[in-house]
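Inspection log for the structure reproduced underneath, given as structure tokens.
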Number of protein chains: 2
Amino acid sequence: MAKIHEVARAAGVSISTVSYALSGKRPIAPETRRRIEEAARELDYQPNAGARMLAGRRTQIFALTEPFRADTHAPAHMAFVLATSIAARKYEYDILLLTEEEASAGMRRVASSGLADGVLVLDVAPDDERVALARRIALPCVFIGVPDDHEGLVCVDLDFEAAAALAVDRLADLGHRSIGLIGHPPASYVRSNFPPRVRRGLEGRAAELGVDCAVVLPEADGPRRTPVRAAVRELVEGGATALVLHCDDTSHAVALDELAALGRRVPDDVSVVSVGATFDTSAFHPPIDSVPLVPSASCELAVELAMRMVDGGDVPAAVHLIAPEYRAHGSTAPPPSASA
Amino acid sequence: MAKIHEVARAAGVSISTVSYALSGKRPIAPETRRRIEEAARELDYQPNAGARMLAGRRTQIFALTEPFRADTHAPAHMAFVLATSIAARKYEYDILLLTEEEASAGMRRVASSGLADGVLVLDVAPDDERVALARRIALPCVFIGVPDDHEGLVCVDLDFEAAAALAVDRLADLGHRSIGLIGHPPASYVRSNFPPRVRRGLEGRAAELGVDCAVVLPEADGPRRTPVRAAVRELVEGGATALVLHCDDTSHAVALDELAALGRRVPDDVSVVSVGATFDTSAFHPPIDSVPLVPSASCELAVELAMRMVDGGDVPAAVHLIAPEYRAHGSTAPPPSASA
DNA sequence: GTCCGTGATCGAAGCGCTTCGACCGCTCGA
DNA sequence: TCGAGCGGTCGAAGCGCTTCGATCACGGAC
């Protein structure tokens, strides 16, 4: 709770010199700077947040709007919140949490009270109500996810189409001619923005390559995940030699379990690739190849763009897609027919 | 982005009158107040956050420290974060997120820069490092959870001992003389503060009432939850006529599934009670009686205490335990032997 | 030797709000 | 009738910081 004038007195300089020394905005003699820094350290000086906001026109705060919908997949979203927070701290920014109904009312409030320098929008729905708001408020907004109508917005996201296509490429390269997708529950294809993109990417690239492609979207249910098991059986018995998984971690585990129950070995009998997972697919038995969704990648880019906007740099209003990356863990191989 | 002087001009009064009218801290003539409120509404006036912090010595912000440990159960913690945020908004407070390593460094930073009026501590470990920090900083701190060493701290939590005891009471009242507890994985009994309290409460009350009591702590594992199934079998075959569940939602579902697989009906053959669950146990098949852990109850009390401390009221440094509540959903009945 | 440019530092003016003390006119009790 | 008291309002002093000139000493160029 030391104040700047105490530091100034301790260092034998004026208040403004302290400010310039600490911000580096004007040249200060090395010896003077040293004294000031030492005094600041000894007094445990931290500039008062309110005063800084008022005088500096910078709050050093980003608002994070996160609706926490009932169907929000908690672990994944926690990972995004965490990644955002860590990315922001690298620029000395803090995160103010705006939840629920507050996601919209809060955005407005934060904008007009000048509580934050920018807004990061998480858990984006295809028809997100925050889109309209983002266009209206005079605050940099970055969407992590892509709403249907994203004109004039700055969005960041994994290139899900390319991610799915990458998985298809890999499998096709190995000689697979028939692959199956186990997706999220059907409801997710309405509420979230990315499941349809994975499906599109997969089917599109499969068509380009002349690869057969079946899609099953198992309903969500209890711990038995019966629909997932049924999906695995359906696809494998239908002749698929490779499975692409785009679903939650439990479904991954259940799918592997079902393959084992069917006596199909991975990767000898069936190849498996995960697309868009935020969890660690190398921890499964067996470890699974993955084209992951990396929260820190999206969040770091989002924060970087937000910072540029705050600093007055101009950032193209566009969807900034992050290139996918294939992580091999040994769950893919040529199909049995090819080696036979 | 309207400023107070614009409101003052529009309403034909001085700046201070606007401030008093809006804060209610001095009597203002009804007609004047009306004009001011109207002007504020029309200009969409929101006091500037920085100016307010500086002049008012109130930030209207609570910091929330949430370490997001790897073993943190995401859905439960998201529920707490959300509940805290909602509780805080009732007092017009916002939540600033402090995560990870930042949980400690951030507490210090927030305290000495005056960014928040108080700190809410979530996901408390028995030997939490934030305890020492809380004693050192000059900011109201409220722990949601009880660390081992809580002297001088303000803590809020469900009375887990009483919750477990309540479950035992209910079962004993119905005539059960042998009950089994299926708890969290053993590791949780070291890392978290509440599992041991449930166990203590259960065993203690069971001993008082002369009820047999067996405890199994199944290891965490994959989606099959084999250890949970084994635990159910072990307890039921060991003669338990009632199960107390203190574990995650998947384990609940698996336990019910295993009972069904064993041909034991709930509640006719086996009674089941859940203790300390944050999820909805009435959604299971069959619905399960519950002595729940209600995030909003803990968080609302925590925020209320924090507000009192901010307002200078004195709050006893103590563990504020919340009385448990029994929610019947039809999963308990007298044991078969009693009715036979 | 004078002048000017430059690096280093300082003083003071805000930033937009809250709050203290003062003021003014009115009512009511003595 | 007079003054105390009070409801209602205003002006101004900060809150702690950033930042814009201004200042000053010093060296090099002419």
Side-chain angles (χ1 to χ4, degrees), chain A residues 1-37 39-40 43-61 92 109-115 117 310-312, chain B residues 1-37 39-40 43-61 92 110-117 310-312:
Chain A
M1 284 304 201
K3 308 184 179 156
I4 196 170
H5 79 259
E6 306 181 45
V7 177
R9 190 151 40 77
V13 295
S14 75
I15 286 179
S16 55
T17 302
V18 173
S19 180
Y20 284 123
L22 263 26
S23 72
K25 293 192 179 170
R26 277 198 189 176
I28 296 291
E31 164 59 15
T32 312
R33 148 171 287 118
R34 205 199 46 67
R35 284 209 320 277
I36 291 173
E37 281 168 355
L43 295 168
D44 191 27
Y45 169 70
Q46 283 283 126
N48 179 85
R52 202 179 211 186
M53 287 188 201
L54 188 56
R57 293 124 196 308
R58 278 292 189 96
T59 64
Q60 304 284 113
I61 291 177
E92 315 238 282
R109 184 167 50 80
V110 157
S112 56
S113 69
L115 221 192
D117 295 335
V310 168
D311 286 339
Chain B
M1 284 304 202
K3 307 182 181 161
I4 196 170
H5 81 259
E6 305 181 44
V7 177
R9 190 152 39 78
V13 296
S14 75
I15 285 180
S16 55
T17 303
V18 174
S19 179
Y20 284 123
L22 263 25
S23 73
K25 292 193 178 168
R26 277 198 188 176
I28 296 290
E31 165 58 14
T32 312
R33 148 173 285 121
R34 203 197 48 67
R35 283 208 321 278
I36 291 172
E37 282 167 355
L43 295 169
D44 191 28
Y45 170 70
Q46 283 284 126
N48 179 85
R52 202 179 213 186
M53 287 186 200
L54 187 55
R57 292 118 202 311
R58 278 291 188 96
T59 65
Q60 303 284 112
I61 291 177
E92 315 238 284
V110 156
S112 56
S113 70
L115 221 193
D117 295 335
V310 168
D311 287 338

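Protein chains get the first letters and strands the later ones, always in sequence-line order, with residue 1 at the start of each. Remember, predicted model here, so these are calculated numbers, not experimental data.
- Side chains of A:Ser19 and A:Ser16: a donor-acceptor N/O pair is absent below 3.5 angstrom, by distance only.
- Under the salt bridge (charged side-chain N to carboxylate O under 4.0 Å, His left out) criterion, A:Glu6 pairs with no residue, sequence neighbours left out.
- For the pair B:Arg57 CZ and C:dT18 P, the interatomic distance rounds to 13 Å; values are reported in whole Å.
- A 4.5 Å side-chain heavy-atom check between A:Glu31 and A:Ile36 finds every atom pair outside the cut-off.
- A distance-only check finds no donor-acceptor pair linking the side chain of B:Thr32 to the backbone of B:Ile28 [under 3.5 Å].
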After noting the C-alpha distance and the side-chain angles of A:Val13 and A:Val18, does the key distance pass the side-chain contact (heavy atoms from CB on, under 4.5 Å) rule?
-> CA-CA 7 Å; A:Val13 295; A:Val18 173; 3.7 Å; yes

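- Distance check: B:Lys3 NZ to B:Ile15 CD1 gives 11.5 Å after rounding to the nearest 0.5 Å.
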If the sugar-phosphate is the primed atoms plus P, OP1 and OP2 and the base is the rest, what is the B/S/- string for nucleotides 19-28 of chain C, using protein heavy atoms under 4.0 Å?
-> BBBB------

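- If you measure from atom CG of B:Leu22 to atom P of C:dT18, you get 8 Å, rounded to the nearest angstrom.
- Of the residues in residues 45-54 of chain A, those with a non-hydrogen atom less than 4.0 angstrom from any atom of DNA chain C are A:Leu54.
- Rounded to the nearest 0.5 Å, atoms OG (A:Ser14) and CD1 (A:Ile4) are 9.0 Å apart.
- For C:dT9, the OP1/OP2 oxygens have a side-chain nitrogen or oxygen of A:Thr32 closer than 4.0 Å.
- As a whole-Å value, the separation of B:Arg35 CZ from D:dG8 P is 14 Å.
- The NE2 atom of A:His5 sits 11.0 Å away from the OH atom of A:Tyr45 when rounded to the nearest 0.5 Å.
- Separating the CD1 atom of B:Ile28 from the C1' atom of D:dC10 is a distance of 10 Å, rounded to the nearest angstrom.
- Taking atom CE on B:Met1 and atom C1' on C:dC15, their separation rounds to 13 Å, with Å as the unit.
- In this structure, CD1 of A:Ile36 is placed 12 Å from P of D:dT18, rounded to the nearest angstrom.
- Between A:Ser113 and the choices B:Gln46, B:Arg52, B:Gln60, the side chain to side chain contact (heavy atoms under 4.5 Å, CB included) rule is met once, by B:Gln46.
- In this structure, CG on B:Leu115 lies 6.0 Å from CE on B:Met53, to the nearest 0.5 angstrom.
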Hey, mind stepping through B:Asp117 and B:Ile61 against side-chain contact (heavy atoms from CB on, under 4.5 Å) and telling me if it holds?
-> CA-CA 6 Å; B:Asp117 295 335; B:Ile61 291 177; 6.0 Å; no

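- Across the helix from C:dG1-D:dC30 to C:dA30-D:dT1, the helix axis at one end is tilted relative to the axis at the other end by 60° (nearest 10 degrees, each axis from five pairs).
- Salt bridge annotation for A:Asp311-A:Arg58: present, with a cationic side-chain nitrogen under 4.0 angstrom from a carboxylate oxygen.
- Near DNA chain C, meaning a heavy atom under 4.0 Å away, the residues from residues 3-11 of chain B are B:Lys3, B:Ile4.
- Identified under the salt bridge (Lys or Arg N to Asp or Glu O under 4.0 Å) test for residues 7-30 of chain A, with sequence neighbours left out: none.
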